[in-house]
Amino acid sequence: MSTYQWKNMDAGLLSMVAKVARNEPLSAAEELSVAEFLKGYAGTRGDWGFATTPTGDVRGSNNLRRTNWFNGRYLTAEALSRQDVYFDARLRLGAHAQMPGIAWGLGITATGANATPVHSESRGGGMPAGQALTLRRGLAFDHVGRPILVSEPFSFTIEKLLGAWRKTPQKVVGGGVDFMPCVCLVDDPAGPTGGSALVPSGPYLLVIQPNESEEGGAKVMGEICGGAAAVNCRAEAWRGGFGLSLVRFPVELPLREDLVSAWDLRGTLSAYFFDVFEHPLWKRWDPDFLTKGPFCSDTGPGRHDAAAVALAMVYLGEDGSVLFLDQWIPRRTICDSPAEDWHRTRFGAPPRAAAWARIHQFQCMLAESLAKQPLGSERDDLYSRGFRHMPPIGFLPITPEPPDGKLSTGFALVDSVLNNAAAAPWLVSPRVAGAIEQARRYFPPARTRVIAYAVVALHDDDILEDLNNVFDKDPIQLARRPAQDDSGNVGQPFTPNNTHYGLTQATEYTALPGYLGVLARLFETMGLDDLVNRRTEIVKLVVPLQGLTRRHPLVGFLQEDAMDQTEAWGVNPLLTAGGALGPLGTLPQAEGLAGLIARIGLHMLPRHFVVYGQQRLGLLALLFYVLEILQFLFKFLSAFASLAGGTKKAIKTAELRQQYLAQPAQKRAIVEAVLAQPDVQANLVRAADLSGSGLSVSRRNQDFLGKVDTVEAGLADSIADPLERRRTAIGQVADAYAAEYPDYQLMQVLAAVQPPQQTLMVVTRLSVKRPTEKAETLADELAAGGPTVFTEVDAQPLYADLRASLDERKVADYVEGTDSATAKLTVKDILARPPAEAQLLLGADNYAKFRAAFQADRNAAIAGAEELGKGVPEALLVKVETEMKAGTPAEAAIDKLKADTATNGNTRPLLDHTANLLRITGGKAGFLNLVKRT
C-alpha cells in the first residue's frame with residue numbers, strides 16, 4: 001500500500017485490517033467501510049470498463065458478445081474463442097471510422113513495366129508475364145475493418161497469379177453505395193476452368209485480401225502432437241497473412257480509331273474507372289435529387305461489405321504480356337471518413353480518395369509517357385498521348401530553357417527597345433513566355449477543343465488555392481477538333497456515330513471581318529451549347545514563380561528548390577545568390593554599368609512545371625442572356641450572308657433589318673428588351689475596349705453621331721416618319737463606317753435589331769473618352785470627319801470591296817526602298833497604327849510618301865464607287881470581262897475599249913474610272929461583279 005493510502009486511513013480502518021490479518025470475521029458495517037475506501041483505488045466487483053446499470057427506458061442489443069469471467073469458472077476453448085472474436089470485432093469497428101483502403105505503402109515496382117512506345121498500335125510486346133514484381137511493405141484495411149499487413153517486400157509474378165485464375169476465375173462486379181462501389185468478386189463464368197491455357201486479353205485488377213493460415217501443433221490432453229499416433233492435434237496458432245489475386249475487370253472497350261495504342265487504352269480505362277465504375281456522373285442528380293430519402297436519413301453504412309482492396313490495374317495483351325500496369329486507376333488511400341464521403345457524394349462531389357487518385361493517375365501516366373516521347377516531338381499533345389479525360393487540375397512538366405533573345409510583349413516599340421538592348425537575360429518574362437509556349441503544346445487548338453489562356457502566379461504556393469478551388473470539378477474532356485481539308489472547309493470529326501459536334505454552318509460566319517469576326521469565332525469555338533455540353537473546355541494555365549533569393553526567418557535563403565534550375569534557364573546562380581543588384585548603387589562611374597546589366601542574375605524564375613486548372617464558368621443571368629442573344633445574332637447574320645450566293649458583297653443594314661423582321665416576334669422582343677438594359681450596353685463598350693476593337697475609338701463615334709444628324713436632315717423631304725427617318729440615317733451611317741472600319745458591322749447588326757435610340761445610346765457610350773479605349777490610328781487621321789456616306793445606295797458595297805482591296809496591298813507598292821521587314825507589311829498594318837508609330841516605323845520621308853499615295857488611291861476609290869454605283873451598261877462590262885478573260889492586261893483592255901469607235905462619250909468616263917480602280921487594286925477585277933448593270 002502506498003504512503004498516500006496509509007495517510008488516508010484512520011484508526012478504525014487499521015483495526016479492521018488487523019482483524020482480517022487474524023482471520024476474524026468483519027461486521028456488515030465494517031465490510032461497507034472497507035469497500036468505500038477501496039473504491040477509489042481499485043475496480044469494484046462488476047466494474048470491468050463497461051456500463052452494467054440499466055440505461056434508457058427502452059433497451060436493445062447488438063451482436064457483440066463477450067465472456068463473463070469470474071473465480072471458479074471453467075477455462076474453456078469456447079470462452080476464450082468468444083473473447084477473441086469480441087475484441088477482434090471491437091478493433092474492426094474502430095477501423096470502420098475511416099474509409100477502407102491503403103493506409104500506407106503497398107506500392108508495386110517492376111522492371112520493364114509500361115515500356116511500349118507511345119504511338120505503337122500493337123496489342124502485344126509488353127512486359128513478360130514472368131517478370132518479377134515487388135509488392136512493398138505497407139498496411140491496408142478492407143471493407144469490414146480487417147487489417148492487411150505486408151511486413152516485408154514480397155516478390156511475385158503475373159504468371160503465377162494467372163495460374164490460380166485459370167483454376168478459379170473471378171471478376172469484379174458493381175456493388176456498394178452509389179459513387180462508392182466496392183471491388184466485389186464473383187466467379188467468372190466466361191473464364192477458363194480446370195487449368196486451361198486460355199487467358200482473355202483485356203483489363204484485370206490486382207487485388208489484395210487478408211487471410212490466416214494454421215501454424216505449428218498444439219498439445220492436446222493425453223496426447224503429444226507430432227507423434228504418429230496423435231489423432232486430436234490442432235494447430236498451435238493462426239498466422240495472419242494476405243493473398244494476391246488477378247481478377248478480370250469486365251469492360252469491353254469500343255472499337256474506335258482513337259483507341260489504338262496501349263496508352264490510349266490506359267487513358268480510356270482510367271476515365272471509365274473514375275467516371276463510370278466508381279463515380280457514375282449520370283447518377284449524380286436524378287430528377288428526385290432533392291426529394292428522395294437519403295437527405296433525410298442517416299449517413300449510410302459506407303463500404304463495409306466483403307470486398308477486396310485494389311492495388312493496380314493490369315492490361316494483358318493478346319500475347320499474354322502486360323501492356324500496362326497502372327497503380328493509381330483503382331488504388332484508393334484512406335483520406336477521410338465514410339460519413340464525409342456520404343455527405344460529399346449525396347451532393348454530387350466525387351469521393352476524396354477518387355479525386356486524389358485521379359490526379360495521381362494522370363501525373364503517373366504523363367510522366368511515363370514523357371519518358372517514352374519527350375515534349376517537343378511530333379504529336380506530343382495530351383490527346384495524342386492517349387488522354388481522353390483528365391483531372392480538373394494537374395501539373396504539366398516543362399523543360400527550362402534560356403530565352404532566345406527575342407522579346408514579344410505585344411507592343412512593337414517596347415519589343416524593339418528591349419531587343420536592341422539585349423534585355424532577355426535580365427528579364428524573367430521571356431522565360432515565362434517560354435514556359436507558356438511549352439504548356440500550350442499540351443493543348444494545341446488545332447487538335448483539341450480546349451481553349452487555354454495563361455496567367456502568372458506570383459507565389460508558387462498560390463497553386464494550392466487553385467487545387468482547392470477546382471478539386472471537386474468534373475474531369476476535363478479532351479475531344480478532337482474537326483479536321484480541315486485543303487480548301488479550308490471543316491470536315492466532320494470522328495465520333496462513334498460519326499456525327500458533328502452540333503455546330504451548323506461552322507465556317508460561314510467565321511469569315512466575317514474585324515470585331516464581328518472575332519466574336520463570331522468566339523461563339524463558334526465557345527458557343528454556349530458547346531460549353532454546357534462540354535464539347536469545349538476552358539483551361540487556365542498557371543505559371544508559378546519561385547523566388548530565388550527569398551529568405552526564411554530560420555534557415556536563411558531557400559535555394560534548395562530553385563538553384564538547380566537556374567543554369568538551365570540561362571541565369572548565373574552565383575550572381576543571383578550573391579545579390580547582384582547591390583553594386584548598382586555603389587559604382588563610381590556610369591560607364592561601370594556597361595555590360596553589367598546583361599550579366600546580372602535574376603531574383604525569380606518559373607518552376608519546372610505549369611499548372612492547368614479547369615476554369616470556373618459563372619455568368620450573371622443578364623450576361624448569359626447577352627451571350628445567348630449575341631450568339632443568335634451571329635448565326636442569323638451568317639444565315640443572311642449565305643443568301644449572297646458566295647459573293648463578298650457588303651451587307652446593308654436595311655437588308656439585315658428585313659431578315660430580322662422575319663424572325664419570330666417573341667425572339668425579337670427578348671433581343672430588344674435585353675439590349676435596352678444599361679448594363680448590357682456598358683458590357684458591349686467594355687468588350688470593345690478589352691478587345692482593342694475599332695469600335696473603341698471615341699473620336700470615330702463622335703463623328704458617327706454627327707453624321708447621323710447630317711444624313712437625317714437630308715432625308716427630311718423623302719421620309720416623313722421621324723422614327724423611320726432616324727433608323728434609316730443610322731443604317732446608312734453604319735454601312736459607311738462598316739465599309740471603312742469592318743468592326744462596325746456589329747453596329748449594323750445593332751441598328752437592324754433594335755430601336756434607333758438604343759443604338760445611339762451604345763454609340764454615345766463609345767464616344768466618351770475612356771482610358772481603356774483604342775488610340776486613334778492613321779486611318780482616322782486620313783478619314784478626317786468620318787467615312788463617306790454615299791448618295792447612291794449601290795455605291796456603298798462597291799466602295800467596301802475597293803477599300804478591302806487597298807488594305808491587302810503591300811507597303812512596298814507605295815514606298816520604294818523600304819527595308820525588307822517593312823516592305824512585307826500590308827497597308828492595313830500601317831493604317832491600324834497611331835500616326836506617330838507609323839512614322840517611326842516607315843521613317844519621315846517614306847511616311848509622307850505613303851500618306852500622299854494612299855490618300856490619292858482612297859479618293860479615287862470613293863469617286864469611282866460613286867460613279868459606277870449609278871450603274872454601267874451591261875454591254876460595256878461584258879467587253880471588259882471578255883478581254884480580261886482572254887488574258888489581256890487590265891490597262892491594255894481599257895485602252896483598247898477607249899479606242900473602240902463604238903464607245904461613245906458617255907461611256908468614256910466609266911472606262912476612266914474602271915481603269916483607275918483596276919490600277920489602285922493591283923489589277924483585282926472582283927469589284928466588277930458588284931457593279932449594277934443597266
Side-chain angles (χ1 to χ4, degrees), residues 503-505 508-524 527-529 622 624-677 680-681 683-684 687-688 695 704 708 711-712 715 719 721-739 741-763 766 789 793-794 796-797 800:
L503 292 171
T504 57
Q505 300 178 342
E508 289 182 1
Y509 53 87
T510 57
L512 298 172
Y515 181 50
L516 196 64
V518 171
L519 290 178
R521 286 192 295 274
L522 178 67
F523 283 115
E524 180 192 33
L528 293 178
D529 49 351
L622 187 60
F624 177 80
Y625 291 140
V626 173
L627 290 178
E628 191 172 28
I629 288 168
L630 285 178
Q631 181 171 264
F632 153 72
L633 292 179
F634 291 129
K635 288 186 176 180
F636 155 68
L637 181 61
S638 69
F640 176 74
S642 66
L643 299 177
T647 66
K648 295 182 179 180
K649 182 178 179 180
I651 300 171
K652 298 178 184 177
T653 303
E655 295 170 335
L656 279 173
R657 177 72 178 167
Q658 292 176 359
Q659 295 296 323
Y660 174 70
L661 292 176
Q663 302 299 313
Q666 297 89 338
K667 186 173 291 186
R668 287 189 280 113
I670 294 175
V671 170
E672 294 172 13
V674 172
L675 290 177
Q677 297 297 318
V680 175
Q681 298 172 1
N683 277 289
L684 288 175
L695 290 169
F704 188 103
V708 168
V711 173
E712 184 179 7
L715 295 172
I719 301 177
D721 183 6
L723 181 64
E724 189 60 30
R725 184 167 62 244
R726 196 160 186 79
R727 184 193 304 279
T728 303
I730 294 173
Q732 290 183 9
V733 175
D735 293 344
Y737 270 71
Y741 310 111
D743 291 355
Y744 274 81
Q745 284 193 2
L746 177 63
M747 205 62 69
Q748 289 180 288
V749 174
L750 295 179
V753 303
Q754 62 179 351
Q757 197 56 35
Q758 290 181 197
T759 303
L760 290 181
M761 290 177 67
V762 175
V763 180
L766 288 166
V789 179
V793 176
D794 293 317
Q796 197 73 57

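Below, each value reflects all heavy atoms present in this structure, side chains not excepted, and no hydrogens, waters or symmetry copies. This one's a predicted model, so the numbers in the text were calculated from it and none came from an experiment.
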Residues two or more places apart in sequence or in another chain: which of them pass side-chain hydrogen bond (donor to acceptor under 3.5 Å, both in side chains) with Gln732?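 If we apply the side-chain hydrogen bond (donor to acceptor under 3.5 Å, both in side chains) test to Gln732, skipping adjacent residues, there are no hits.
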By side-chain hydrogen bond (donor to acceptor under 3.5 Å, both in side chains) - contacts of Tyr741 (at least two apart):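 If we apply the side-chain hydrogen bond (donor to acceptor under 3.5 Å, both in side chains) test to Tyr741, skipping adjacent residues, the hits are Asp780.
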Return the set of residues passing side-chain contact (heavy atoms from CB on, under 4.5 Å) with Pro755 (not counting sequence neighbours), or none when no residue passes.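 Result, side-chain contact (heavy atoms from CB on, under 4.5 Å) vs Pro755: Glu672, Gln758.
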Quick one: list whatever passes side-chain contact (heavy atoms from CB on, under 4.5 Å) with Ile719, sequence neighbours left out.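 By the side-chain contact (heavy atoms from CB on, under 4.5 Å) rule, Ile719 matches Leu715, Glu724, Arg725, Thr728.
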Return the orientation label for the Tyr744 and Phe704 ring planes: parallel under 30°, perpendicular over 60°, tilted otherwise.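 Correct class here is parallel.
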Roughly how far apart are Gln754 CD and Gln681 CD, rounded to 0.5 Å?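 Those atoms lie 7.0 Å apart.
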Separation of Leu695 CG from Leu766 CG (nearest 0.5 Å):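 Separation between the atoms: 6.5 Å.
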Taking all atoms of both residues into account, what is the closest heavy-atom pair of [X] and [Y], and its distance?
{"X": "Gln748", "Y": "Asp735", "result": "NE2-OD1, 2.6 Å"}
{"X": "Thr759", "Y": "Ala751", "result": "OG1-CA, 3.6 Å"}
{"X": "Val789", "Y": "Ala736", "result": "CG2-CB, 3.8 Å"}
{"X": "Val708", "Y": "Ala729", "result": "O-CB, 3.9 Å"}

